[in-house]
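Chain naming here is simple, since letters A, B, ... match the order of the sequence lines and numbering starts at 1 in each. Because the structure is predicted, anything quoted here is derived from the model rather than measured.
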Amino acid sequence: MWTLPTPVDASSFWQTIKENDLFSAQKSKENESSTTMLRSVWATIQNVFDTKQPPFRIVLRTQGGQDSAAYGHMIAVAESLKEIEADWAWIEGTLLPEMKELEDKADKAAYALSKFTSLVQTREADSDEKSSDAKFRAAARSWRQLFRLPESERLVNFYSCSYHRRLMNQGWMYISLSYCCFYSFVLGTETKVIIELKDIEELTKEKSKRGMVSDSIKIHFFSNLFQRDETFELLEYLTNMAMQKLLKATTTDPAPGLSIQQQESQAEILTSPAAVLGFVTASDASRPLKQAFEIQKRNSKFQWLFNLPSAETILEDVAVICSISGTNTSFQGKLYLSDTFLCFLSTAKYQCQLALPFFAIMRVERINSQTSTVAITARHQLKLLFQFTGERQQADKFCNSLKDRLQAHVAMMKRLKPFLTTCPSEDLLAGRDLQVGGLGVTYGYVDAKRQAQAVEKSKLRYWISYFRAEFGRNLTLVRLPTFIKLVRIGLPNALRGEMWELCSGAMYKRFLGEGYYNKLHADYGGRTSLSTEEIEKDLNRSLPEYSGYQTPEGINALRRVLYAYSYHEPEIGYCQAMNIVVSVLLIYLTEEQAFWVLTVLCERMLPGYYTVNMVGAVIDNHVFVTLVERFMPILGDHFKEHEIQLSVACLPWFLSLYINSLPLPYALRIMDCFFMEGAKVLFQVGLAILKINGDAILKVRDDGELMNVLKSYFGKLGDVLQGSGENARPTTKFNQLMLTAYREFQNVTNDLIVDLRKTHQLKVIQSMDLYAKRSVVRSLTFTSKFTKDELLYLCDQFYTAQFYTTSAGKKQADRLDLPQFKQLLARIAPWASFDSEQDDQLARSGGEASGKPVVGADFIDKLFAKVFDQNADGLVDLQDIVRGLGKMIHEGAAGALDVFMRAHDGDGDGKLSKEETIQVSETLLFLTRRLEGDSHLGSVSSFLNRAFAAAAAAAAASASEAESSGQTTQEAFSLSSATLTKVILADDFLETFFSETLQQTFVLQNSGTGVQQKIFAPPIQEISESLWSGGLKWATGRMAAGRKAAGGAVAAGSGAAAQGDKAGQTDGAADAAASAAGGKGGAKMIDASDDDADDDGALLLEEVDSLLREADLGGTESEMASGAAEVSPA
Amino acid sequence: MRGGRKALLKVIILGDSGVGKTSLMNQYVNNKFSTQYKATIGADFLTKEVLVEERSVTMQIWDTAGQERFQSLGVAFYRGADCCALVYDVNNVKSFENLDSWRDEFLLQANPRDPENFPFVVIGNKVDVEESKRQVTQKRAMAWCQQKGNIPYFETSAKEGINVEQAFFTIAKNSLKQEADVELYSDFPDPIKIDGDTSVAKSAGCEC
């Protein structure tokens, strides 16, 4: 393969095998270096420094001869002579003629260099070798060679580390999209570890720079990581992606929100409205993966920080000092520029935060004084000064980008004015009555106290003065400490909706997605789905006590919002509790506003809560339990001791934002804080509830009693507590709760929650996955004689095969197509796996490896089409697989033979034709050679003979019959199932093969630990080298047949003789056939077997011959290997 | 009073969303019906003191969320249940057809000692709705109950308080009987589990 031209030295390690005036093809001498010990050390060094080189290369000599120091550029490398020759042929055939015109040698070299550079860059446009980093490309190459993962797998990064397994092995960890691999080669011991990311259950960072990965049964321990945190984060990120995919893989029902019509047309499933809207970020394909992931991570953190839509990415960021007219203080912090927003966050927590959309900016001035400063005037008289503290160039770059973005948003400014009429704050400042809003405008608000009116008024006064003080409002609002206080004391009803919408970031989405809500109804209105049915049931069971929901107006609004969401995100559809949350949102927000808030809740604030498996809620429950154990260990122990499941009491809190548990006025207060500060508030309040009731809780002994304690507490939240301290004022129990939540649990931050969610996600998803698979297994109607564990393992492998072949976003039916089926089979039966090292070597040394993997692949195709795929739709489900494997494994020789018969009976007439019989023998040959080596070739050949004899007898019988009835029959050859069975069972070896051996080849349990250790003893290595050079000699031959003949010659007679002897012993007929084959040309024989036009006896015999000859030659190759093994040590 | 018996009976009410589980529980415990219940999120329970066979026991009645996806939240409180009431809406055939999976799910999660003889009660609710809307006949429901091992069957109206008392009385009675049986069984160390497994597999095989 071509590589990016890399300067190389003329080294004595390379031996030139071909040369012209510009290029040299070279072969590494490494294999021939003197002592074995040195070689082992050399290999260790190569591994530790990851400098492993492919054994062949082509060098473009750029300067002088071989002696100069800078010798030239390496432009191609290869694993085999064949490959390097192909490259060489291209150079001679294509490149050199192209360069004929060029006179000067230096010109030629320069041309060639640029040619190769462009060649490599176009070819590698979509591979992991994209990175121009030579080191990375080298690593990607070694990784591909070492682990033989699917082609589509891409390396993300690699790290030096050591792996603990009795001993420490220093080596390399390779992290790719779905695997974590480790390789080390230390003094003759090779260690390989392959961990499937989707199987990881726990990832932990340990003290002193160690990382640990544990999957289902085995524990892997890596240490000595130089960049532990980076490695950990990358692993964590990729594992979580794998988990998300896993989740999708096992939920295979159609999306609940899809209408019946939609379910029928696949095309629509793939383009759900949410995806069309661009909320699903496309990864940047032009960058290497590792970089792409880092950018993605940074962006999602940024979106999280400012509650921005997920399409927003950071374009620029600079350090600035921000001052706002109206305050005297200025804030040090960072200014970010994204696609639609200018964002600022102060370094000191909670001091100043703003996200200013470009379309709300009126004027930008660059003030060029000593320091470079930008003055920004936005709507609502908001004036901001940003003084750049970093490099001047950086500031210039930032300002240029800012200018571009502003220009791009001029068109949007027109939409701002109508948009602002939907913001109550505008009405409020203008002294108007509220024009728009939720049901509350008509049906009133819910308030706990009688003095509510007065409280509302004074709160509004504060807010108006905040807005007037030029801190912006709605889209331009700046969050200063006062803002946070004003929210925490509880929002006034008039502003509640707007603040929820703004704080959650839903307001931005509404602005950018203008018209989307109505379009959803226009496009999908009237469709029914499982979700709409479920919504209908719950409309009257959402907030029935509120007067608005006792009228059609309220119910219809609720219906439309929930319907719209089920259209928007059909995979979530509708989940109970959404109705309750939305019913409260609608008191304060219009339908469209509530819809956007709901999308923010489902996507970011409560991720995964309302999905079909509610995985987010389960994870958060685990997070909550962890927090209880961490902050209140005594309570934690108590729950453990009495096996009290906190989830019974606490899950509804989170799912319904406390609305279902607390009196509504208090739940609203919690929602105020929740929308401003995120999910951590839910946890803080939950912890505070348990803490305040700690004494009572320590007395409960089961779930029921716990719920009773909590219920009675929630009923008394309005009670007034007398302060105990000197200056303490009387306060309600609810205020005490909020104080406790903020004071005692201030360490519960959003970052902590996100971290803990990641930690628990792995375990939760694994257990959900197991649960889902269990129920799949339970639903099987026929289980053959497999044990439950075997079925579960099969099910696991079934979904694994699917896992690696489908893209993450796509939903799939739980059926496998042929390529997936092949993967599944390869995973459970070693003979069906064609990418072992052995196959590779065969392919390398002998071209098609004597066609053996081809026969095997053909057999598997047949198995799929004729045995497993019963309804012939090109897909098999788990039931088909269990049925098919059951037949092969649990029904003895008869079952296995039946499978064989059906697989090879192409026309399904219950009889095998001549070709089909030959195919049976080829399959047998393939299987027995893979499983038993070459010791039973005789059995196969005798099978063929007997089969033909039996068929001939049958043919004779039928011929005479035909004669008597006066018909001429073409069916001279046919083998019935019964005859096949008879013929097979006549041979002891084949009998055993079909009744035992084949069955034993299936591995239906987790095999081993994913760790392979190989020790290379020097003599074996030597043998393999001599073999290798033998292989080279073959490879120089042009024709496949010629190559084989050369191979036979190398075998030095002894092997061939042995083979001849054995053939003689096994079967006289085979012997005769073998010797006949020996005398004939190979190529001709192959042609003969392809020719099936007529069927005279001679040709029939020739076909048998050709088959046997192939068997013999195959035998010769390996015979030769063992022959060499005997000879070499001597 | 015989020793070892607990005075608390745990009853789980299962069934599709909207069949009236919450209403049934409230009708039985508080003798009240309201149109103002919220959809149950997660689980909730009420208790009631009852007199069964001259014994006073406390019934702890657990009401559950009916939406299918709530199953994945873990149903820890199934464990230790003494009886399970399967509720469907006689005017909604789908809610009846789902009884099978509710029963299976319960047996799997609660993992009772003797799944074959665990006391279930089937309740067809909303019989107050006009007859023309009815989708599941009494005959069909009773046939199902018969087939699943003679499960007692009741047709109720939580709204009008028809048959509710009787249904729950049977629940209480059978729970107590179950306890007594379990005590008998507990003399034999664990002979039931293996049985149970194969029988589940068998029945799955026969139905198809």
Side-chain angles (χ1 to χ4, degrees), chain A residues 253 256 530 533-534 536-538 540-545 549-550 572-577 579-580 583 610-615 617-618 621 643-656 659-661 702-704 707-708 711 767-768 771-772 774-775 778-783 788, chain B residues 6 8 10-11 16-23 34-47 58-62 64-80 89 92 94-95 100-101 104-105 107-109 197-198 200-208:
Chain A
D253 298 329
L530 178 62
E533 274 172 34
E534 288 176 333
E536 287 300 327
K537 279 186 201 163
D538 288 349
N540 287 307
R541 304 195 292 159
S542 302
L543 203 63
E545 63 269 35
Y549 293 111
Q550 289 149 14
I572 290 180
Y574 165 73
C575 177
Q576 289 190 324
N579 62 328
I580 291 171
S583 67
Y610 303 126
T611 57
V612 185
N613 42 36
M614 301 182 80
V615 62
V618 180
N621 179 54
E643 292 181 359
I644 294 171
Q645 302 288 326
L646 265 180
S647 64
V648 178
C650 306
L651 267 170
W653 296 354
F654 293 177
L655 279 169
S656 67
I659 300 166
N660 228 18
S661 311
D702 63 32
D703 305 332
M707 283 175 80
N708 279 337
K711 264 192 225 166
S767 70
M768 280 193 162
Y771 178 77
R774 278 212 177 111
S775 55
R778 248 188 307 142
S779 67
L780 289 174
T781 50
F782 172 75
T783 56
K788 262 190 183 163
Chain B
K6 56 177 175 179
L8 183 77
K10 192 169 176 181
V11 178
D16 275 12
S17 168
V19 296
K21 298 181 291 295
T22 309
S23 299
S34 156
T35 51
Q36 298 218 338
Y37 295 123
K38 286 185 196 177
T40 309
I41 306 299
D44 197 3
F45 76 95
L46 290 176
T47 52
T58 308
M59 271 174 95
Q60 191 182 65
I61 304 167
W62 286 79
T64 59
Q67 205 185 10
E68 196 189 340
R69 57 184 83 181
F70 276 78
Q71 292 289 319
S72 49
L73 293 185
V75 270
F77 54 88
Y78 282 14
R79 250 172 287 161
D89 174 354
N92 178 344
K94 208 170 142 199
S95 70
D100 255 320
S101 65
D104 290 351
E105 188 67 27
L107 287 175
L108 186 86
Q109 297 282 352
D197 273 10
T198 49
V200 167
K202 254 190 242 152
S203 72
C206 298
E207 279 157 37
C208 65

Where does [X] contact chain B at under 4.5 Å (heavy atoms): side chain, backbone, both or neither?
{"X": "F782(A)", "result": "neither"}
{"X": "Q576(A)", "result": "both"}
{"X": "D538(A)", "result": "side chain"}
{"X": "S661(A)", "result": "neither"}

For this session: Just jot down the side-chain hydrogen bond (donor to acceptor under 3.5 Å, both in side chains) partners of S23(B), sequence neighbours excluded, or say none.
Result: none

Problem set entry | For D703(A), all residues meeting side-chain hydrogen bond (donor to acceptor under 3.5 Å, both in side chains), sequence neighbours excluded | none

Exercise. When rounded to the nearest 0.5 angstrom, what is the spacing between CD in E534(A) and OH in Y574(A)?
Worked result: 7.5 Å

Exercise. When heavy-atom pairs shorter than 4.5 Å are enumerated against chain A, which of A39(B), A65(B), G42(B) gives the highest number?
Worked result: A39(B)

Exercise. Is the backbone N or O of S583(A) less than 3.5 Å from a side-chain atom of Y549(A), with the two atoms forming a donor-acceptor pair by type?
Worked result: yes

For this session: Could you tell me whether the side chain of K537(A) and the main chain of V19(B) form a donor-acceptor pair under 3.5 Å?
Result: no

Problem set entry | N579(A) to R541(A) - nearest heavy-atom pair and separation | ND2-O, 3.6 Å

Seminar exercise, completed: Shortest non-hydrogen pair, L655(A) vs Y610(A), comes out as O-OH, 2.6 Å

Which portion of [X] sits near chain A, non-hydrogen atoms under 4.5 angstrom:
{"X": "T35(B)", "value": "backbone"}
{"X": "T40(B)", "value": "backbone"}
{"X": "F45(B)", "value": "both"}
{"X": "Q60(B)", "value": "side chain"}

Determine the option with the most heavy-atom pairs under 4.5 angstrom with chain B, choosing from [options].
{"options": "S542(A), S767(A), C575(A), G704(A)", "value": "C575(A)"}
{"options": "M614(A), Q645(A), K711(A)", "value": "M614(A)"}
{"options": "V648(A), L543(A), D702(A), N660(A)", "value": "N660(A)"}
{"options": "I580(A), T611(A), N621(A)", "value": "T611(A)"}
{"options": "R774(A), E545(A), Q550(A)", "value": "E545(A)"}

For this session: Go through the steps for R79(B) and E643(A) under the test salt bridge (charged side-chain N to carboxylate O under 4.0 Å, His left out), then give the verdict.
Result: CA-CA 11 Å; R79(B) 250 172 287 161; E643(A) 292 181 359; 5.2 Å; no

Exercise. So do P544(A) and K38(B) actually touch side chain to side chain, heavy atoms under 4.5 Å?
Worked result: yes

